[in-house]
A.B. asks: 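Below: one structure in structure tokens.
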Amino acid sequence: MRDDRVIAPALLAWYDRHARVLPWRVPPGASVRADPYRVWLSEVMLQQTTVAAVRDYFLRFTALWPTVQDLARADDAQVMAEWAGLGYYARARNLLACARAVATAGEFPVTREGLRALPGIGAYTSAAISAIAYDQPETVVDGNVERVVARLFAVATPLPAAKPELTALATRLTPSTRPGDFAQAMMDLGATICTPRNPACGFCPLNEACEARAQGIATALPRKSPKPAKPDRSGLAWVALQGDAVLLEERPAKGLLGGTLAFPSALWDGRDLPPPGAADWRDLGEVRHVFTHFNLSLRVLAGDLDGTPGRGHLVPLRHIDRNALPGLMRKVWDMARADFAT
DNA sequence: TATGCGTGGAT
DNA sequence: TATCCAAGCAT
């Protein structure tokens, strides 16, 4: 089975029997086409994010905003609140910008190039939407495809340098019929059989064609360049009370936790930055949080504000929605509430 | 090309 | 506990 032309049919036959059932997906062989809006929304949510984490967010978003026109009319703050907890918040900002551009244009572009020009849609997502929603013969290369192809062809070059080579190999395998199902099949295979740690080669529909398996090196592929060490950082967060209200602010649109709702804080050299107002600050303890590129220890200070706060807005405690906060700020809020209770 | 950007689950 | 990693994008 060393003939490349055998790969796609074998994989598609497997997909026809084993395709994962997902809320944004149309089963293989279905008579209806996948809705480009739902494909786009799911693909953006799935960027560097697991299916398990995305599922409920996707269902909530599509219930609130069934079409791209509905989403385009949504309030920025509500979209940010609904995205809270999912991470990579630039995606939410770009999601709205993209929805409004599409709503203005009337419909999603069909081609990879057209999609690629929209905010938050890059090389992967543009190809995925074009292939899955519009059946265009585009090659979709995500982390799963990189792993499957690296193993199929025993590519030893480490990522990310190997990316062009893996893309070229994946392109060679992409069939002209059912390219969307092929893309989803490659990703399903990577997610369920050709997994990073312990690939289930015995169940793999491509095992006879797999060079890495033949060489006994599947688990070692793909190789990856070493990542830089994660530094430790520290900062401060202020839970500022006034009566039955607490001070919240919207973080700057760009940068860490951009555009999210937050307790006033200073994440890097907080000692240089003043608190949001005058108060007798009590030290509630430390919250630890892991970001992609650093570990954070955030000291939580609470106090009753004396006078008008220097920034942010006061929100009645009963209106504080924990779910509208990003993960880090949920931890801060939980610590503060535990303190209130005592 | 390298870096910044979240979060939670698996091992 | 530490590390890896998951359907990447913007700059």
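Note that the structure is a prediction, hence the values are computed from the model and not measured. Below, chains carry the letters A, B, ... as their sequence lines are ordered, and counting in each starts from 1.
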A.B. asks: Identify whether any heavy atom of Leu95(A) sits under 4.0 Å from a base atom; if not, whether one sits that close to sugar-phosphate; answer base, sugar-phosphate or nothing.
C.D. replies: nothing

A.B. asks: Base, sugar-phosphate, or nothing for Val140(A), non-hydrogen atoms under 4.0 angstrom?
C.D. replies: nothing

A.B. asks: Check whether any side-chain heavy atom of Met186(A) sits under 4.5 Å from a side-chain heavy atom of Val149(A), and report yes or no.
C.D. replies: yes

A.B. asks: Can you tell me how far P in dC5(B) sits from the matching atom in dA6(C), rounded to whole Å?
C.D. replies: 22 Å

A.B. asks: Report the distance from atom OH of Tyr88(A) to atom P of dG8(B), rounded to the nearest whole Å.
C.D. replies: 13 Å

A.B. asks: Sticking with atom P, work out how far dG6(B) lies from dT11(C), rounded to a whole angstrom.
C.D. replies: 14 Å

A.B. asks: Checking all strands, does Trp24(A) fall into the base, sugar-phosphate, or nothing category for heavy-atom contacts under 4.0 angstrom?
C.D. replies: base

A.B. asks: When the distance from CG of Leu256(A) to P of dT3(B) is rounded to whole Å, what number comes out?
C.D. replies: 18 Å

A.B. asks: Taking only side-chain N and O atoms of His293(A), does any of them lie within less than 4.0 angstrom of OP1 or OP2 on dG4(B)?
C.D. replies: no

A.B. asks: Does His289(A) make a side-chain N or O approach to OP1 or OP2 of dT7(B) shorter than 4.0 Å?
C.D. replies: yes

A.B. asks: Are any of the side-chain nitrogens in Asp35(A) or Arg38(A) under 4.0 Å away from the carboxylate oxygens of its partner?
C.D. replies: no

A.B. asks: Please tell me which of Pro160(A) and Met329(A) maps to the more 5' nucleotide of DNA chain B, matching each residue to the nucleotide holding its nearest heavy atom.
C.D. replies: Pro160(A)

A.B. asks: Looking for any heavy atom pair under 4.0 Å, which part of the strands does Ala123(A) touch: base, sugar-phosphate only, or nothing?
C.D. replies: sugar-phosphate

A.B. asks: Under 6.0 Å between the ring centres of His293(A) and Phe291(A)?
C.D. replies: no

A.B. asks: Quick check on DNA chain C: between Gly122(A) and Pro196(A), whose nearest nucleotide comes earlier from the 5' end?
C.D. replies: Pro196(A)

A.B. asks: Side-chain N or O of Arg147(A) versus OP1/OP2 of dA6(C): is the shortest distance under 4.0 Å?
C.D. replies: yes

A.B. asks: Just checking Pro326(A): base, sugar-phosphate only, or nothing, at a heavy-atom cut-off of under 4.0 Å?
C.D. replies: sugar-phosphate

A.B. asks: What is the nucleic acid contact for Arg288(A), judged by heavy atoms within less than 4.0 Å: base, sugar-phosphate only, or nothing?
C.D. replies: nothing

A.B. asks: Mind calculating the distance between CD1 (Ile121(A)) and P (dT11(C)) to the nearest angstrom?
C.D. replies: 14 Å

A.B. asks: NA contact type, Gly85(A), heavy-atom cut-off 4.0 Å: base, sugar-phosphate, or nothing?
C.D. replies: sugar-phosphate

A.B. asks: How about Leu86(A) and Arg91(A): do any of their side-chain heavy atoms sit closer than 4.5 Å?
C.D. replies: yes

A.B. asks: Just N and O in the side chain of Thr125(A): are any of them under 4.0 Å from OP1 or OP2 of dC9(C)?
C.D. replies: yes

A.B. asks: Does the pair Arg73(A) and Trp65(A) meet the rule for a side chain to side chain contact (heavy atoms under 4.5 Å, CB included), with working shown?
C.D. replies: CA-CA 9 Å; Arg73(A) 285 190 292 265; Trp65(A) 304 294; over 6 Å; no

A.B. asks: Grab the CG-P distance between Leu296(A) and dC5(B) for me, whole Å please.
C.D. replies: 12 Å

A.B. asks: Answer with base, sugar-phosphate or nothing: what part of the nucleic acid does Leu86(A) contact at a heavy-atom distance below 4.0 Å?
C.D. replies: base

A.B. asks: Quick one: does Thr49(A) reach the base of dG6(B) with a side-chain donor-acceptor pair under 3.5 Å?
C.D. replies: yes

A.B. asks: Counting only distance, no hydrogens or angles, is the base of dG6(B) paired donor-acceptor with the side chain of Thr292(A) under 3.5 Å?
C.D. replies: yes

A.B. asks: Would you say Tyr89(A) places a side-chain N or O within less than 4.0 Å of OP1 or OP2 belonging to dT7(B)?
C.D. replies: yes

A.B. asks: Would you kindly give the CZ-to-P distance between Arg251(A) and dC5(B), to the nearest whole Å?
C.D. replies: 9 Å

A.B. asks: Taking only side-chain N and O atoms of Arg197(A), does any of them lie within less than 4.0 angstrom of OP1 or OP2 on dA6(C)?
C.D. replies: no

A.B. asks: Is it the case that Tyr124(A) and Gln47(A) place a side-chain donor and acceptor less than 3.5 Å from each other?
C.D. replies: no

A.B. asks: Arg91(A) has an atom CZ; how far is it from atom P of dT11(C), in whole Å?
C.D. replies: 16 Å

A.B. asks: Mind checking Pro119(A) for me? I need base, sugar-phosphate or nothing, with any heavy atom below 4.0 Å counting as a touch.
C.D. replies: sugar-phosphate

A.B. asks: Return the OH to OG1 distance between Tyr88(A) and Thr292(A), rounded to the nearest 0.5 Å.
C.D. replies: 3.5 Å

A.B. asks: Just the rounded figure in Å: distance from P of dC9(C) to CZ of Arg112(A).
C.D. replies: 12 Å

A.B. asks: Output yes when at least one side-chain N/O atom of Gln48(A) is less than 4.0 Å from OP1 or OP2 of dG8(C), else no.
C.D. replies: yes

